[in-house]
Amino acid sequence: MNIFAFLLSFLLLSLRTTTTTAQTTIYPPEGEGDGNVIVLDTYNDFENQVLKNDFIWMIQFYDSSKHRSSLKTLAPMYMQVSQVVKGLFNLGAVDLATEEGKRIASDYAADDDNANNDKPKIIILTENKKNPVETFVAEDSLQPQEILGKLTKYASTLLSQRLGGEPPHLVDNANDYEKRGEKARSSSDTSSSSSSSGKRSTAFTRLKGSDFDDKVLNSPQVVLVAFTAAWCGHCKKLEPEFKQAGKSLAGEDVLLAWVDAEQEPDLARTYGVQGFPTIKLFPGGGRGTKTAEDAKDFRHERTAQGIVEGVLEEVGKSGVPKEIPELTSMALLKDECQGTNHICVIAALPHILDSGADGRNKYRDLVSSVSKSFKGIGAFSFMWFEGGSQPGLLKAFDLTFGFPALVAFSMDRQAFAVFHGSFSEKKISAFLHGITTGRQKTTQIDSVPEISTVEPWDGQDGAPVEEEFDLSDFFDEGEL
């Protein structure tokens with residue numbers, strides 16, 4: 001994909017805890033049974049619910065008389081996904097065995113070839129409900145992760161279009177990037193590569209044996225190492241996926257290392273490399289605490305999406321938590337917020353005298369928890385500042401209703417959206433999901449807000465400023 005499979009980590013975790021039970025019908029009416037699949041029985045239903053709706057839709061066209069064998073596995077999985085994405089995307093179903101179903105399908109050529117096909121077809125509709133962005137056959141091998149990946153990919157595409165630009169990272173390699181004239185993150189092959197603002201542009205690096213201990217065993221980062229060979233066809237197929245995942249994980253404290261095992265035979269022997277590519281995952285931890293025995297085989301799919309998911313899963317288990325930075329200067333704003341189609345989420349927290357250190361840390365922890373739901377989404381970064389310390393930013397975004405407050409800002413598109421609601425993890429996440437799906441409206445801004453240079457918070461409670469004044473200023477002579 002991809003704009004880094006935003007939401008995927010959250011949705012996949014939800015998927016693991018979601019189950020469905022056997023149904024007496026293929027897709028029960030909405031509100032009955034386990035799933036949230038919307039059954040579209042008539043063209044009028046389809047017109048009112050789909051064509052006049054701003055949601056992203058996935059529509060499955062099935063024939064209840066011909067596709068029963070396929071539907072035994074597809075229907076429960078489809079219903080399971082519908083539970084996970086409820087409120088974010090809509091999943092619908094149309095029966096081609098009915099005349100109304102055929103009428104709906106004819107608008108999308110979804111009934112073509114189905115007479116000789118024992119598999120349902122699925123379409124995805126985004127902005128233009130008359131033209132699907134994708135049509136595919138629901139093969140028996142279709143997995144819920146694939147459906148979630150497709151939905152989130154097109155949500156990110158729609159977001160970028162509504163912000164006025166091409167979607168980032170929806171291409172397979174750097175050559176396609178150059179053809180589009182993108183000015184997005186560099187495709188350099190080193191982990192130290194960075195934009196002009198100093199921000200790392202990729203987590204991908206080529207590693208030699210002399211650097212291995214320092215970069216892998218002595219590093220607190222989660223590290224994924226691919227042992228490869230120059231002649232290996234599977235390695236050539238893996239490399240662009242690995243690089244794409246590196247771009248997606250640029251903002252995370254991780255490293256994706258590419259090792260030519262033929263040039264590093266000692267490393268290959270140490271890690272039991274017997275075929276190519278061999279991928280090993282090293283957990284995070286304190287410096288100097290990891291050994292070769294800590295390496296484990298990478299079990300996720302060898303796609304950019306699968307690599308991102310697997311690495312972020314390990315980050316959640318053993319990675320070093322990333323602290324949300326405080327906005328203290330214009331340089332820091334540019335470092336965190338520059339980049340094509342990048343969205344910077346900025347929280348304005350109450351004055352330290354109003355919240356105290358404990359209260360401020362609770363707000364910071366809340367923002368940090370929200371950021372974890374958007375891990376692997378290269379389009380997002382998070383910051384905070386003390387409300388009164390940045391008057392230029394408050395004025396530019398019209399944050400006049402008190403603190404805490406929160407704004408999502410795209411520097412390159414000069415557009416923003418202000419969060420209105422209770423300052424909770426659930427509400428803020430819903431607000432940001434609204435941005436990614438295009439439901440949250442944005443406002444244009446003429447220029448980047450002026451940022452004051454301030455001292456960072458010292459982590460302590462604030463001390464009230466005591467003013468000294470002369471009592472003689474308030475009394476006449478002789479009254480004291």
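Side chain of Lys290 to main chain of Val216: a donor-acceptor pair is present (N/O by atom type, distance under 3.5 Å, no hydrogens or angles). Looking only at distances, no side-chain donor or acceptor of Asn48 sits under 3.5 Å from a matching main-chain atom of Asp45. Under the 3.5 Å distance criterion, the side-chain polar atoms of Ser381 are matched with a main-chain donor or acceptor of Glu336. A donor-acceptor contact shorter than 3.5 Å is absent between the side chain of Gln83 and the backbone of Asn36. Not one N or O on the side chain of Asp253 forms a donor-acceptor pair closer than 3.5 Å with the backbone of Gln221. A donor-acceptor pair under 3.5 Å is absent between the side-chain atoms of Gln390 and the main chain of Ile451, judged by distance alone. No donor-acceptor pair under 3.5 Å is formed between the side chain of Asp354 and the backbone N or O of Pro350. When atom types are taken as modelled, the side chain of Glu425 and the backbone of Leu366 share no donor-acceptor pair closer than 3.5 angstrom. Although no hydrogens or angles enter the test, the distance criterion places a donor-acceptor pair under 3.5 Å between the side chain of Glu146 and the main chain of Gln143. Side chain of Ser389 to main chain of Glu386: a donor-acceptor pair is present (N/O by atom type, distance under 3.5 Å, no hydrogens or angles).
Side-chain contact of Gln305 with Glu309: a donor-acceptor pair under 3.5 Å is present, judged by distance alone. Between the side chains of Tyr78 and Gln60, no donor-acceptor pair of N or O atoms lies under 3.5 Å. Counted by atom type alone, Thr126 and Asn128 present zero donor-acceptor pairs between their side chains at under 3.5 Å.
Between Leu332 and Ser329, some side-chain heavy-atom pair lies under the 4.5 Å cut-off. Using a 4.5 Å heavy-atom cutoff, the side chains of Val448 and Leu333 are in contact. Contact of the Ser371 side chain with the Ile324 side chain is registered, since non-hydrogen atoms from C-beta on lie closer than 4.5 Å. Between Ile279 and Leu224 the shortest side-chain heavy-atom distance falls below 4.5 Å. By the 4.5 Å heavy-atom criterion applied to side chains, Val222 and Leu255 are not counted as neighbours. Between Ile104 and Phe61, the closest side-chain pair of non-hydrogen atoms falls below 4.5 Å. Residues His342 and Phe380 fail the side-chain proximity criterion, which asks for heavy atoms closer than 4.5 Å. Annotation: side chain of Phe204 is not in contact with side chain of Leu249 (no heavy-atom distance under 4.5 Å).
Ring centers of Trp258 and Phe242: under 6.0 Å apart, within the cut-off. The aromatic ring centroids of Phe397 and Phe409 lie less than 6.0 Å from each other. Here the two rings, on His300 and Phe298, have centers that are under 6.0 Å apart.
Note on ring orientation: taking the six-membered ring where Trp is involved, the planes of Trp384 and Trp457 are perpendicular (angle over 60°, cut-offs 30° and 60°). Note: His420 and Phe401 have tilted aromatic rings, judged against thresholds of 30 and 60 degrees for the angle between ring planes. Ring pair Phe419/Phe423 is perpendicular by interplanar angle, where above 60° counts as perpendicular and below 30° as parallel.
Under the 4.0 Å criterion applied to side-chain N and carboxylate O atoms, Lys280 and Asp297 are assigned as salt-bridge partners. A salt bridge links Lys296 with Glu314: the distance from a Lys NZ or Arg NE/NH1/NH2 to an Asp or Glu carboxylate oxygen falls below 4.0 Å. Taking the charged nitrogens against the carboxylate oxygens, Glu326 and Arg360 have no contact shorter than 4.0 Å, which rules out a salt bridge. Salt-bridge formation is detected for the pair Glu323/Arg364: a Lys NZ or Arg NE/NH1/NH2 atom is positioned less than 4.0 Å from an Asp or Glu carboxylate oxygen.
To the nearest 0.5 Å, atom SG of residue Cys344 and atom CG of residue Asp335 are 10.0 Å apart. Here the CG atom belonging to Asn131 is positioned 9.0 Å from the CG atom belonging to Leu125, to the nearest 0.5 angstrom. Interatomic distance, CD1 of Ile59 versus NZ of Lys129, reported as 9.5 Å (0.5 Å rounding). Here the CD1-CZ distance, from Ile56 to Arg439, works out to 9.5 Å after rounding to the nearest 0.5 Å. The structure places CD1 of Ile343 at 14.0 Å from CZ of Phe416, a figure rounded to the nearest 0.5 Å. Atoms CD1 and CZ, on Ile124 and Phe89 in that order, are 9.5 Å from each other to the nearest 0.5 Å.
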- request: Before giving the answer on side chain to side chain contact (heavy atoms under 4.5 Å, CB included), spell out for Trp57 and Leu91 the whole-Å C-alpha distance, their side-chain angles and the decisive distance to 0.1 Å.
  value: CA-CA 6 Å; Trp57 278 82; Leu91 268 63; over 6 Å; no
- request: Go through Leu349 and Phe403 one step at a time and tell me if the side chain to side chain contact (heavy atoms under 4.5 Å, CB included) criterion holds.
  value: CA-CA 6 Å; Leu349 304 185; Phe403 310 116; over 6 Å; no
field: Stepwise salt bridge (Lys or Arg N to Asp or Glu O under 4.0 Å) test for Arg299 and Glu313
entry: CA-CA 11 Å; Arg299 301 295 187 185; Glu313 183 179 290; over 6 Å; no
- prompt: Val223 and Leu256: side chain to side chain contact (heavy atoms under 4.5 Å, CB included), yes or no, with the steps?
  reply: CA-CA 6 Å; Val223 183; Leu256 271 58; over 6 Å; no
message: Set out, in order, the CA-CA distance, both residues' side-chain angles and the distance that settles side chain to side chain contact (heavy atoms under 4.5 Å, CB included) for Ile123 and Glu134, then state yes or no.
response: CA-CA 6 Å; Ile123 66 171; Glu134 184 172 348; over 6 Å; no
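Minimum interatomic distance between Ala408 and Leu432 (heavy atoms only, all atoms of both residues): CB-CD2, 4.4 Å. For Leu394 against Gly388, the heavy-atom pair with the smallest separation is CD1-CA, 4.4 Å. Heavy-atom minimum distance, Ala138 versus Ile122: CB-CD1, 3.9 Å. Here the closest non-hydrogen pair linking Ala405 and Leu399 is CB-CD2, 4.4 Å. For the residue pair Val39 and Asp41, the shortest heavy atom distance occurs at CG1-OD1, 3.2 Å. In terms of heavy-atom proximity, Ile445 sits nearest to Ala415 at CG2-N, 4.2 Å.
Heavy atoms from other residues, nucleotides or ligands lying under 6.0 Å from CD of Glu47 number more than 12. Summarising the local packing, CD of Gln414 is surrounded by more than 12 heavy atoms from other residues, nucleotides or ligands at distances under 6.0 Å. Within a 6.0 Å sphere centred on CG of Asp358, other residues, nucleotides and ligands contribute 12 heavy atoms or fewer.
Taking the ring axis of Phe136 as reference, the NZ or CZ atom of Lys150 stays within 45° of it and closer than 6.0 Å to the ring centre.
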